Protein chains: 2
Amino acid sequence: MSLRIALLGLLAASGPASGYDLAKKFETSVAHVWQAGHSQIYPELAKLTADGLVAVEAEGPRGRKIYTITPEGDAELRRWLMEHTPSTTLRSESALQAFLVPLLDPRDGVAVLRRIKKEVEGRLAELEALRAAKNAADARSPGEPPNRFGAYALDLGIRQSRAALEWAEDAMADLERAT
Amino acid sequence: MSLRIALLGLLAASGPASGYDLAKKFETSVAHVWQAGHSQIYPELAKLTADGLVAVEAEGPRGRKIYTITPEGDAELRRWLMEHTPSTTLRSESALQAFLVPLLDPRDGVAVLRRIKKEVEGRLAELEALRAAKNAADARSPGEPPNRFGAYALDLGIRQSRAALEWAEDAMADLERAT
DNA sequence: AGCTGACATGTAAGTTTTGACATGTCAAGG
DNA sequence: CCTTGACATGTCAAAACTTACATGTCAGCT
């Protein structure tokens with residue numbers, strides 16, 4: 001379900017796009033919130049078309065198909081946003097490692113935490129770069145209200161990454177005391 | 001892979017247990033890090049047994065089977081912890097909703113954020129209850145070093161929930177300014 | 001003219017996850 | 001004795017996801 005919604009959302013927010021475009025946007029924008037590769041996206045777009053939630057607006061060069069959201073699709077999107085209680089399913093391999101770290105002896109545990117910390121730092125840097133790019137884009141069109149689409153999620157990601165970073169530091173310090 | 005590791009980890013940390021016990025622990029401890037229902041756990045235990053990573057130690061009443069981790073299982077677990085770079089795959093329906101909120105008019109957006117905030121509050125309360133229970137258990141066995149198994153992950157969850165809570169408040173305030 | 005690399009779309013096989021179905025044991029209370 | 005509810009284990013079909021395979025177009029460079 002969520003994949004459909006993510007696709008409908010991108011079409012609603014950024015206008016008509018091809019499967020290829022949508023796959024790109026998954027990498028650069030929604031990725032921090034929901035991930036999907038093109039092998040999932042193309043079939044889903046076909047299903048959405050069959051269900052009347054999107055339509056092929058035009059065909060471009062190289063077999064490019066441009067999809068638009070239909071009014072039904074828009075209604076579905078809004079309904080999901082307003083009514084669907086998000087599942088709280090969580091799955092994080094990093095957190096699983098963090099969970100299990102006390103099984104290792106402290107030296108090894110610290111090494112694992114250090115690696116996790118590095119990954120968090122990388123993610124944080126990515127997110128901050130995205131936000132900087134967004135801010136720059138907003139600054140280029142003064143007068144216009146800034147485009148907040150995706151901005152809240154970005155902010156959430158940044159805050160959670162910062163929290164994870166502090167956690168990694170404290171956890172390492174704690175483990176080192178036990179060495 | 002991660003499911004196996006989670007099961008091996010629980011067996012390594014808490015000693016022999018049945019599939020039923022492990023399913024319970026998934027609900028009350030690992031759940032904040034990795035989720036799985038019994039319909040996934042039983043077949044996986046069978047596979048782990050076939051692969052020699054766990055073994056049936058004893059059979060109790062009501063067909064209860066008690067599994068133990070084998071030395072091979074323990075080695076596998078440690079290898080994964082030390083060597084496996086966790087995948088950064090992220091999928092959060094709440095974050096997806098947050099991402100899409102700006103598509104709604106501010107009034108509706110605030111309502112969605114309010115709901116997300118309530119869910120985060122619920123989760124935070126759960127995690128804090130777990131931590132309180134853990135602390136109480138540690139206090140009951142003085143002298144013993146506190147059992148840190150799962151504690152780091154719990155701490156991470158709590159910090160991230162707090163960050164999400166602050167985010168929700170700020171995002172709502174931001175949206176309300178736009179009303 | 002040929003090569004490279006981004007553009008563009010798909011399929012297929014295999015794994016993981018979900019949700020429903022199915023079955024049976026045992027203890028405690030009415 | 002009977003019912004209820006926790007204990008206990010499983011299977012199955014469908015959906016979602018991953019990874020690899022497969023094919024072809026077009027622009028720009030050499």
Side-chain angles (χ1 to χ4, degrees), chain A residues 1-8 10-11 16-28 30-31 33-51 54-67 80 84-93 96, chain B residues 1-8 10-11 16-28 30-31 33-51 54-67 80 84-93 96:
Chain A
M1 191 81 277
S2 303
L3 175 58
R4 330 195 93 189
I5 297 300
L7 290 171
L8 290 174
L10 283 177
L11 288 174
S18 68
Y20 188 85
D21 296 336
L22 292 166
K24 282 276 138 107
K25 279 180 196 164
F26 258 87
E27 275 170 30
T28 56
V30 220
V33 139
W34 202 266
Q35 276 172 248
H38 76 273
S39 65
Q40 239 189 311
I41 292 171
Y42 288 123
E44 190 64 35
L45 282 170
K47 273 194 222 165
L48 283 164
T49 309
D51 295 347
V54 306
V56 177
E57 191 201 46
E59 303 211 11
R62 290 181 249 194
R64 182 182 167 89
K65 285 184 211 161
I66 293 161
Y67 293 91
W80 185 85
H84 175 75
T85 301
S87 91
T88 56
T89 321
L90 266 173
R91 252 175 210 123
S92 158
E93 287 197 352
L96 179 57
Chain B
M1 194 83 274
S2 303
L3 176 58
R4 328 196 95 190
I5 298 299
L7 290 171
L8 290 174
L10 284 177
L11 287 174
S18 68
Y20 188 85
D21 295 337
L22 292 166
K24 281 278 139 103
K25 278 179 197 164
F26 258 86
E27 275 170 30
T28 56
V30 219
V33 138
W34 203 268
Q35 274 173 247
H38 76 275
S39 66
Q40 239 188 313
I41 291 170
Y42 288 123
E44 190 63 35
L45 282 171
K47 274 194 222 165
L48 283 165
T49 309
D51 295 346
V54 305
V56 178
E57 193 200 45
E59 303 210 13
R62 290 180 247 195
R64 182 181 168 90
K65 286 185 211 161
I66 293 162
Y67 293 91
W80 185 86
H84 176 75
T85 301
S87 92
T88 57
T89 320
L90 267 173
R91 254 173 209 123
S92 157
E93 287 197 353
L96 180 57

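Source: prediction; values computed, not measured. Keep in mind that the numbers below use all heavy atoms, side chains included, and drop hydrogens, waters and symmetry copies. Every chain is numbered from 1 and lettered A, B, ... according to where its sequence line falls, protein lines coming before strand lines.
For D:dA8, the OP1/OP2 oxygens have no side-chain nitrogen or oxygen of B:K24 closer than 4.0 Å. Contact between the side-chain N/O atoms of A:Y42 and the OP1/OP2 oxygens of C:dG10 is not found at any separation under 4.0 Å.
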| note | The contact string for nucleotides 16-27 of chain D, one letter per nucleotide 5' to 3', using protein heavy atoms under 4.0 Å with B, S and - for base, sugar-phosphate only and none, comes out as SSBBB----BS-
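Every residue meeting the side-chain contact (heavy atoms from CB on, under 4.5 Å) condition with A:Q40, not counting sequence neighbours, appears here in chain and number order: A:L3, A:A36, B:R91. Considering only residues two or more places apart in sequence or on other chains, B:W80 meets the ring pair (Phe, Tyr, Trp, His ring centres under 6.0 Å) condition with B:H84. A:P16 meets the side-chain contact (heavy atoms from CB on, under 4.5 Å) test with A:E57, A:I66, A:T68; sequence neighbours excluded. Checked against side-chain contact (heavy atoms from CB on, under 4.5 Å), A:T28 has no partners two or more places apart in sequence or in another chain.
Counting to the nearest Å, the C1' atom of C:dT11 and the CD1 atom of A:I41 are 16 Å from each other. Here the P atom of nucleotide D:dC7 and the CG atom of B:L22 are 14 Å apart, to the nearest Å. Whole-Å rounding puts the B:E27 CD to C:dT18 P distance at 13 Å. Taking atom CZ of residue A:F26 and atom P of nucleotide C:dT9, one finds them 15 Å apart after rounding to whole Å. Rounded to an integer number of Å, the gap from B:K65 NZ to D:dC7 C1' is 15 Å.
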Determine all donor-acceptor pairs shorter than 3.5 Å in which one atom belongs to a side chain in residues 42-50 of chain A; sequence neighbours excluded.
{"residue": "A:E44", "atom": "OE2", "partner": "A:R4", "partner atom": "NE", "Å": "2.9"}
{"residue": "A:T49", "atom": "OG1", "partner": "A:L45", "partner atom": "O", "Å": "2.7"}

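Although no hydrogens or angles enter the test, the distance criterion places no donor-acceptor pair under 3.5 Å between the side chain of A:E59 and the main chain of A:K65.
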